[in-house]
Amino acid sequence: MSDKILVSVAWPYANADIHVGNIVGSHLPADIFARYHRLRGDEVLMVSGTDSHGTPVTVRADAEGTTPLLVYERFHKRFLEVFVKLGITYDLFTTTHTENHFKVSQDMFLALLKNGYLYQEKRQLMYSESEKRFLPDRYVEGECYICHFPDARGDQCDNCGNLLEAELLINPRSKIDGTRPVLRETEHYFLDLGKFAPAIEEYLSHGKEFWRPNVLAFTRNIVAELHGRPITRDLDWGIPVPIEGTEGKCLYVWFEAVIGYLSASIEWARNAGTPEAWKKWWYDPAARTYYFIGKDNIPFHTVIWPAQLLGAGKLYGGPNDEALNLPYDVPANEFMNMEGRRISGSRNWGVWGLKYLETYDPDPLRYYLTAQMPETRDSDWNWNDYLRRNNDELVATWGNLVNRILSFTAKNYDSVVPQPGLMDEADTLLLAQIDRAFEPIGTQIGACKFKAALSDVMALAREVNKYVDDKAPWFSIKTDRARTATTLYVALRAIDSLKVLFAPFLPFTGQRLHEMLGYSGDLFGQQIINEYQEATRSHLGLTYDSSTITVKWQPSQLPSGQQFRSVAPLFKKLDDKIVEQERAKLGS
RNA sequence: CGCGGGGUAGAGCAGUGGCAGCUCGUCGGGCUCAUAACCCGGAGGUCACAGGUUCGAAUCCUGUCCCCGCUACCA
């Protein structure tokens with residue numbers, strides 16, 4: 001029986017390229033999870049998109065002398081490219097800059113307003129008369145009112161380190177044109193989070209034992225002191241507040257971006273020609289919704305988004321009048337550092353997806369990132385470690401197992417899966433051990449324990465290497481062809497099973513191995529980039545066609561007599577020199 | 001005392017009351033099918049530190065030190 005699984009992934013900001021921290025934090029674990037559930041035959045919907053609004057995008061546009069629209073479009077296109085090359089199989093990766101998302105966000109705003117969860121409040125904020133707009137804190141400089149450093153930023157003083165209130169700076173000036181901003185009163189909408197505290201506590205109080213302890217502890221702590229947060233800002237790049245007389249005000253990004261999970265699901269259904277199909281993930285109480293994010297995003301997904309969903313109530317209405325589903329699990333990852341220091345775009349301290357793929361293959365990256373995934377604590381990318389895991393684990397253990405058995409079979413059995421004879425205890429035990437592994441390894445992936453699952457699969461590959469060594473077919477071939485045929489058949493079937501167990505982690509080499517073994521058909525579906533036209537604008541979206549999948553999460557049924565196609569190594573051994581070469585690029 | 005996470009073999013990690021484990025590296029041996037790949041064996045740890053609870057603590061409690069994150073536009 002198939003489960004309904006919604007895989008929601010953090011929306012990357014359209015102001016910088018995707019780096020390994022973004023990939024390991026959310027996109028990759030989500031993809032492993034989605035691929036596994038698809039192999040199981042579950043109904044999976046995996047969505048995300050580009051967060052195209054917000055100050056970072058505007059800041060970048062100002063710096064480049066261009067428009068936020070062009071900045072967002074440029075990075076959005078590069079996101080799609082990196083996800084195709086890395087095999088991050090989104091059913092829909094869209095953007096927040098669609099008419100659909102505007103509409104859904106505004107609908108949710110209005111629903112919250114109608115249900116009494118929004119209130120208005122006036123604030124005094126910095127306003128630039130020369131530019132006729134309110135200035136974000138970072139756009140204001142002035143004398144620090146604590147240490148009197150003359151060039152403090154609006155949000156923090158670089159001299160004394162204190163966090164500042166921009167409106168209190170002495171002699172404030174605009175960072176853009178140097179003019180003196182004035183305080184001007186502005187009215188904003190606030191989400192009344194305090195009203196949700198009892199409901200959120202109730203939500204967190206049962207059935208959350210499987211949540212990662214840090215996520216749960218962090219969340220429970222926040223719920224204790226919930227207060228209203230502004231959800232609108234004085235900006236012109238974003239989603240307009242859908243109320244008369246609020247010109248020049250937009251929905252604040254943190255409020256609007258999370259709504260993307262819902263709007264992307266709706267868009268996916270509409271694009272597929274089944275406009276109601278999204279409802280089975282959002283209204284069926286048996287559906288499970290997962291949110292793959294980085295730890296910086298925890299409160300938005302475990303408190304604020306549930307509050308929005310609770311407050312919006314039934315919104316568009318489920319088939320049986322159900323309310324919207326709350327997050328089932330939020331498996332947030334910690335951060336991955338780069339050679340001991342925090343990844344930083346401005347200092348060029350990191351490894352970027354597209355850049356990496358110019359030189360290296362996707363599966364070794366997926367392997368290394370999974371093995372180093374920051375599931376319980378911060379981890380570190382280290383090029384020496386990358387080299388070691390590629391050469392000593394991927395190449396030496398798994399790649400070599402495949403290569404030694406396939407080439408031996410090619411050489412001695414004419415590239416045909418041999419007919420096994422009577423199996424002895426060792427043969428039976430090995431196959432039983434691997435057949436039995438599907439369930440516990442699947443359970444681990446389903447529980448978002450990706451490191452442990454991958455390490456268990458690799459341990460099985462070592463078991464098969466050991467079996468081959470014990471059987472020594474290179475000896476038996478000289479005296480007992482029947483015995484050797486059995487050994488090779490057992491090893492090949494083990495390899496064929498390992499192909500499936502590794503598949504969620506290593507889809508590209510999995511597909512190659514699948515073909516080498518002589519199968520036709522695909523392990524996974526195809527990724528397709530489409531252009532979608534709405535009434536007034538168009539956007540690119542990445543989608544996934546799973547109709548060609550022929551493989552299931554189950555032990556190999558490899559038929560003897562099947563003819564191999566070409567046999568070639570799955571992985572490339574890397575030269576030691578890359579460590580110094582790659583390290584030299586950091587920080588330059 | 002702002003909040004949360006973490007400190008276990010050279011490196012990276014698992015291990016929530018019962019003889020301290022895994023991968024890699026290292027040392028020694030074996031094999032030769034395989035990308036000098038594979039297999040076997042050994043060495044290596046006062047489980048951050050100090051107290052406490054317990055027949056028994058890496059694991060529970062108290063205190064201390066150190067690292068990381070959140071509160072900002074660096075995921």
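Model, not experiment: these values are computed from the prediction. Chain letters run A, B, ... following the sequence lines, proteins first, then strands; residues in each count from 1.
Here the side chain of A:Arg388 is nearest to one of B:A34, B:C24, B:C39, namely B:C24. Between B:C31, B:C40, B:C24, one nucleotide has an atom nearer to the side chain of A:Phe475 than all others, and that is B:C31. When distances are taken from the side chain of A:Lys295 to each of B:G12, B:C39, B:G69, the shortest belongs to B:G69. Comparing atom distances between the A:Glu393 side chain and each of B:C70, B:A37, B:U23 picks out B:U23 as nearest. With distances taken from any side-chain atom of A:Ala396 to the nucleotides B:A75, B:C38, B:G25, the minimum falls on B:C38. Listed nucleotides B:G12, B:C24, B:C68 differ in distance to A:Arg389; the shortest reach to its side chain belongs to B:G12. The nucleotide whose nearest atom lies closest to any side-chain atom of A:Phe335 is, among B:C70, B:C24, B:C68, B:C70. Listed nucleotides B:U35, B:C70, B:C13 differ in distance to A:Arg342; the shortest reach to its side chain belongs to B:C70. Nearest nucleotide to the A:Val59 side chain, out of B:C73, B:C70, B:C38: B:C73. For A:Ser344, taking side-chain heavy atoms from C-beta onward, the closest of the listed nucleotides B:G12, B:A75, B:C74 is B:C74.
Here, B:G10 and B:G6 have their P atoms 22 Å apart, quoted to the whole Å. For the P atoms, the distance linking B:A57 with B:G52 amounts to 12 Å, nearest Å. Taking atom P on both B:C65 and B:A75, the two are 33 Å apart, rounded to the nearest angstrom. Separation of the P atoms belonging to B:A20 and B:A48 is 15 Å when rounded to the nearest angstrom. Remark: the separation of the C1' atoms in B:U23 and B:A9 is 13 Å, to the nearest Å. The gap from the C1' atom of B:C55 to that of B:C67 amounts to 37 Å, rounded to the nearest Å. Nucleotides B:C24 and B:A14 are separated by 15 Å at their C1' atoms, to the nearest Å. For the P atoms, the distance from B:G45 to B:A11 is 13 Å, rounded to whole Å.
Between A:His301 and A:Tyr261, a ring centre-to-centre spacing shorter than 6.0 Å is recorded. Checked against a 6.0 Å centroid threshold, the rings of A:Phe75 and A:Trp352 do not count as neighbours. For A:Trp237 and A:His97, the ring centers are positioned less than 6.0 Å apart.
Counting distance only, with no hydrogens placed and no angle test, the side-chain atoms of A:Asp296 and the base atoms of B:A75 include no donor-acceptor pair under 3.5 Å.
At the heavy-atom level, A:Lys466 lies under 4.0 Å from the strands shown only through sugar-phosphate atoms. As judged by a 4.0 angstrom heavy-atom cut-off over every strand, A:Pro569 is placed among the base-contacting residues. A:Ile343 comes within 4.0 angstrom of a nucleotide base, judged by non-hydrogen atoms across all strands. The residue A:Ser26 sits apart from the nucleic acid: no heavy atom pair falls under 4.0 Å. Here A:Gly21 lies in heavy-atom contact (under 4.0 Å) with a base. As judged by a 4.0 angstrom heavy-atom cut-off over every strand, A:Met458 is placed among residues making no nucleic acid contact. A:Leu570 comes within contact range of at least one nucleobase, with a heavy-atom separation under 4.0 Å.
Heavy atoms from other residues, nucleotides or ligands lying under 6.0 Å from NZ of A:Lys449 number 12 at most. Atom NZ of A:Lys208 has more than 12 heavy atoms from other residues, nucleotides or ligands within 6.0 Å.
For A:Lys411 and B:C33, the shortest distance from a side-chain N or O to OP1 or OP2 is not below 4.0 Å. Within the structure, every side-chain polar atom (N or O) of A:Thr409 is placed at least 4.0 Å from both OP1 and OP2 of B:C33. Neither OP1 nor OP2 of B:A37 sits under 4.0 Å from any side-chain N or O of A:Arg462.
Nearest-nucleotide positions on RNA chain B for A:Pro374 and A:Phe571 put A:Phe571 closer to the 5' end. Between A:Asn465 and A:Leu394, the residue anchored nearer the 5' end of RNA chain B, judged by the nucleotide with its closest heavy atom, is A:Leu394.
Rounded to whole Å, atom P of B:G2 lies 16 Å from atom CZ of A:Phe218.
In this structure, A:Trp474 counts as stacked on the base of B:C33 under the 5.5 Å centre distance and 30° plane angle limits.
Using modelled atom types, no side-chain atom of A:Ser344 and backbone atom of A:Trp349 make a donor-acceptor pair closer than 3.5 Å.
No hydrogens or angles considered: nothing links the side chains of A:Tyr467 and A:Gln433 as a donor-acceptor pair under 3.5 Å.
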